[in-house]
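Note that ligands are numbered from 1 as they come in the structure, with each ligand's atoms numbered from 1 the same way.
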Amino acid sequence: MRTRRTLMAVTAGLAASTLLLTACSSGDDNPSSDGSGAAGGDASEVEVFTWWASGSEKLGLDALVKVFGEQHPDTEFINGAVAGGAGSAAKDLLQTRLQANDPPDTFQAHAGAELQDYIDAGQLEDVSALYKEFGLTDAFPKDLVDRLTVDGKIYSVPSNIHRANVMWASPAVLEGAGLDPAAKYDTLDDWFVALDKVKASGKTALSVATTWTQVNLLETVLIADLGADGYSGLWDGSTDWNGSDVTKALTDFEKLMSYTNTDRDGLDWPDATQQIIDGQAGFNVMGDWAEAAFEEAGKKAPADYTYQPVPGTDGIFDFLADSFTLPVGAKHPGGTKAWLETISSAEGQTAFNKAKGSIPARNDAKPEDFSEYQQTAIASFGKDTIVSSLAHGAAAPVATLNAISDATSKFTTGASDLAQYQKDLAAAAAGK
Ligand code: GAL
């Protein structure tokens with residue numbers, strides 16, 4: 001019988017694992033493939049499907065492509081990126097292509113429930129032989145490999161680990177509002193006091209963008225109010241979506257949304273981050289791909305921006321991992337193999353993650369190669385409680401996320417009230 005891996009199964013136990021990145025000697029980072037591909041088949045090119053189409057995300061992809069070009073000069077990289085943060089446009093297009101038997105040679109997917117969707121649909125090949133060939137079974141922490149394994153098979157190779165519960169702030173805006181830019185906010189209530197002050201100063205208190213960024217904000221509020229176990233219980237059925245603690249979290253979410261920019265629905269995440277960079281907004285909640293945007297803009301923490309866990313979520317790491325696949329029917333499986341070798345190599349993971357704001361999945365990366373923020377993420381990942389991101393495919397299947405996103409959009413555009421929102425979310429989570 002096929003085991004259905006839930007978000008909990010994918011991530012539970014990661015905190016207790018040896019995922020702490022240590023500066024030990026490297027495993028297999030010396031690619032041997034010349035692109036001819038023991039996966040068999042055409043290695044002349046590889047179409048790589050992502051949503052890293054512009055700005056700092058494209059710079060991350062470019063860093064990976066550079067290493068790919070050095071390791072596999074005979075395989076042509078074809079960029080199949082589709083714009084739209086969090087795959088907001090890419091995932092639908094990908095589904096259309098998969099159903100038309102026209103898959104890219106490899107695509108970006110999130111480890112966890114989202115990946116399980118593709119596995120259940122029979123759209124992915126087992127790549128566990130490549131784990132042996134490239135030495136990945138030892139290069140990745142055992143708990144991670146165990147949790148990527150479904151019925152003895154592994155269907156993707158992770159390139160990085162991101163944290164979704166980060167609050168970014170503009171020191172200049174906070175100072176202008178009479179706030180200490182170095183202050184830590186332990187609770188949402190502490191944060192509301194600061195948000196009121198920024199609002200009174202005439203700036204946007206909290207910048208946000210289109211629906212998926214609002215869902216990203218929502219998940220962090222659910223984590224803050226329900227705690228790690230309560231939040232994780234939303235996805236395994238042990239927390240009641242109709243409960244009063246969820247009502248409280250949604251009330252806090254509604255309040256947070258009242259501090260946000262009204263043009264939000266026409267923006268994507270880089271626009272909301274830019275408002276922090278430009279000193280137009282005080283706070284922003286976003287995954288740590290935002291770190292790459294601050295760096296791209298030449299900004300330095302803590303002078304130009306600050307970061308801390310979203311208030312109420314300290315000690316919890318809201319996890320997601322980008323992972324690459326070999327789709328059934330890929331036209332250039334040799335090219336896919338070459339790509340998977342590069343993204344899993346020590347050199348590929350270091351180059352990519354330095355540019356992307358994330359941390360490597362490999363356990364032999366050197367923390368000192370990474371930014372100050374990333375070093376805090378590395379430390380947190382090693383000791384925090386890990387929960388799975390909703391907005392980024394770790395916690396719930398794509399259909400559930402889509403239904404939650406629709407309910408959230410309805411609520412934040414004023415088409416439903418809080419009681420209806422809670423009912424809609426409960427129905428979405430129950431698949432109704
Ligand atoms: C996430 C993805 C990240 C980053 C982000 C914003 O879903 O895992 O790598 O791309 O979306 O687009």
Side-chain angles (χ1 to χ4, degrees), residues 7 10-11 48-65 79-94 106-115 117-118 156-166 168 207-220 267-274 284-296 317-325 343 348-349 351-361 373-374 377 381 387-398 400-402 404-405:
L7 78 146
V10 170
T11 59
V48 177
F49 186 99
T50 70
W51 51 86
W52 298 330
S54 61
S56 56
E57 306 211 284
K58 167 112 181 3
L59 292 183
L61 182 61
D62 289 348
L64 202 45
V65 172
N79 191 350
V82 175
S88 44
K91 285 194 217 168
D92 283 349
L93 188 66
L94 175 65
T106 184
F107 64 84
Q108 170 191 3
H110 289 121
E114 179 184 309
L115 198 68
D117 276 348
Y118 299 116
S156 70
V157 177
S159 53
N160 60 309
I161 290 166
H162 268 305
R163 181 177 198 175
N165 61 322
V166 188
W168 311 89
S207 66
V208 79
T210 191
T211 305
W212 75 262
T213 71
Q214 299 166 27
V215 174
N216 198 141
L217 178 65
L218 169 69
E219 79 185 46
T220 66
L267 307 179
D268 205 341
W269 77 265
D271 307 303
T273 302
Q274 194 64 38
N284 170 252
V285 168
M286 190 38 56
D288 53 12
W289 41 91
E291 165 72 2
F294 287 113
E295 286 191 11
E296 187 198 1
F317 191 107
D318 186 14
F319 155 97
L320 63 127
D322 294 305
S323 228
F324 283 85
T325 57
I343 64 145
Q349 293 226 334
F352 175 61
N353 285 288
K354 274 169 89 154
K356 187 66 167 57
S358 40
I359 60 176
Y373 164 75
Q374 287 168 303
F381 191 63
V387 299
S388 294
S389 169
L390 163 66
H392 306 284
V398 173
T400 304
L401 172 57
N402 286 345
I404 289 177
S405 301

What atoms of ligand 1 come closer than 4.0 angstrom to any heavy atom of [X]?
X    : answer
G85  : 12 (O)
K356 : 3 (C), 4 (C), 9 (O), 10 (O)
H110 : 1 (C), 2 (C), 7 (O), 8 (O)
H392 : 1 (C), 7 (O), 11 (O)
H162 : 3 (C), 9 (O)
L320 : 8 (O)
W52  : 4 (C), 9 (O), 10 (O)
W269 : 6 (C), 12 (O)

| pair N284-T213: side-chain heavy atoms closer than 4.5 Å | no
Worksheet entry | Residue pair I359 / N353, side-chain heavy-atom distance below 4.5 Å | no
The closest protein heavy-atom partner of atom 12 (O) of ligand 1 is A86 N, 2.8 Å
heavy-atom search around atom 10 (O) of ligand 1 in the protein gives E57 OE2, 2.5 Å
Which distance, rounded to the nearest 0.5 Å, do you find between the [atom1] of [X] and the [atom2] of [Y]?
X    : Y    : atom1 : atom2 : answer
I404 : E219 : CD1   : CD    : 9.5 Å
L320 : S389 : CG    : OG    : 5.0 Å
E57  : L59  : CD    : CG    : 10.0 Å

Next on the checklist: Could you check, using the six-membered ring where one of them is a Trp, whether Y118 and F107 have ring centers closer than 6.0 angstrom?
Outcome noted: yes
Between H392 and W51, does the ring centroid distance fall short of 6.0 Å? no
**Request:** Decide whether an N or O pair under 3.5 Å exists between D322 and ligand 1.
**Result:** yes
### Query
Is the shortest N/O to N/O distance between W212 and ligand 1 below 3.5 Å?
no
**Message:** Please verify the inter-ring angle class for Y373 with W168; under 30° counts as parallel, over 60° as perpendicular, anything in between as tilted.
**Reply:** tilted
